[in-house]
Amino acid sequence: PQFRAREALELALHIKDNGYNIYLSGESNLGRSKLLKDYLRPRARKMPTPPDLIYVHNFDNPDEPKLISLPAGQGKKLKSALARTLSRVRKELPGRFEHAPYIQRQARLMEIFQGKRQKVFKEMDLVAGDQGFNLDMDEQGSLTLYPLVEGRRLSEEEFEKLDSGVRDALKLKGDKLLQVMAGLMRRLTRAEIEFSEKERGLEREVVEGALDKLLTPLAESFCKICASEALCEYFGDLRRDILENPEHFLPREQMSPAAQGDRAQQGAIQEAGLLPPMLDDIPGAYDINVFVDNSKLKGAPLIMDDHPVPH
């Protein structure tokens, strides 16, 4: 009987299609389980080891992480190597932002912007002066017009003491003047946007240098070992996200104002539980979840279920 059972098992193992099963029956204490284990275990060790399965962040749709298949044992290696690499990026970037070339280029951008800002402000001040007003701008860029009487700027208290008709006339004149200055304000806004974009572009260049040195070799190595198009796409998405969000790797004092705002906004979103938590000040979205780890498996797995449930 055991010989016939072995023949049936041998035949069954050569059938690779799904949907085929073997039913083994017999009286108790005949050693059915031992027979199966002894027969299958050495054959399973000769079969290909199944792949690892990892989940990675989907940067286009965070609610649907991507499942990637890797050669057995590569999942844990990738997770560990990527964490070390991102940690090195975080340690190296602050120093790159302290290099003289970057500081000089950033200072030049600021100098150009301040020149444009002062030019527009002088034009506005001249327009206001011609209309009998003094222009004041605070650090946030808010404009305030103060009426001039006999060449002297009136305080708020002095303005309130004027005849109501005079006050109304000055307010109306000031409102019309602000409308005239709207075009100059738009020029100033465009200059601010241009400066912010160029500053972020300069930051991007610095971050790209660090990623070329640290992340690119890692990506090339694992793409070659794993031969996975999905993994290579993930590395590309990861790189783009880091370039768009360098604030994850920088101390707050080294961020541009725009990046500081992005960091504060993301922190609020994470506190609300809408994003994965930060790992060592690095977003949890950059972590890899090893879903199936076959690093310790040799050959195919032999799974025993004493109480199988049909599906």
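- Proximity of a side-chain donor or acceptor of Asn294 to a complementary backbone N or O of Leu297 within less than 3.5 Å is not detected.
- A salt bridge links Lys198 to Glu194: at least one charged side-chain nitrogen sits closer than 4.0 Å to a carboxylate oxygen.
- At a threshold of 4.0 Å, the pair Glu247-Arg200 counts as salt-bridged, since one of the basic side-chain nitrogens sits closer than that to a carboxylate oxygen.
- Looking at Lys66, its side chain never comes within 3.5 Å of a backbone N or O of Tyr55 through a donor-acceptor pair.
- Between Asp212 and Arg239 a salt bridge is recorded (basic side-chain N to carboxylate O distance below 4.0 Å).
- Residue pairs meeting the salt bridge (charged side-chain N to carboxylate O under 4.0 Å, His left out) criterion with at least one member in residues 41-60, sequence neighbours excluded, are Glu10-Arg43.
- A donor-acceptor distance shorter than 3.5 angstrom exists from the side chain of Thr189 to the backbone of Met185, with no hydrogens or angles considered.
- For the pair Arg105 and Glu205, the salt-bridge criterion is met [side-chain N within less than 4.0 Å of a carboxylate O].
- Of the possible polar contacts, one joining the Thr49 side chain to the Gly299 backbone as a donor-acceptor pair under 3.5 Å is found.
- Aromatic ring orientation, Tyr286 versus Phe249: parallel (interplanar angle below 30°, classes split at 30° and 60°).
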Check step by step if salt bridge (charged side-chain N to carboxylate O under 4.0 Å, His left out) holds for Arg240 and Asp237. CA-CA 5 Å; Arg240 281 188 292 273; Asp237 293 340; 2.4 Å; yes
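- A donor-acceptor contact shorter than 3.5 Å is absent between the side chain of Ser196 and the backbone of Glu192.
- Note: Tyr234 and Phe59 have parallel aromatic rings, judged against thresholds of 30 and 60 degrees for the angle between ring planes.
- When each of Asp293, Asn289, Asp287 is paired with Lys79, the side chain to side chain donor-acceptor pair (under 3.5 Å) condition holds for Asp287 and for no other.
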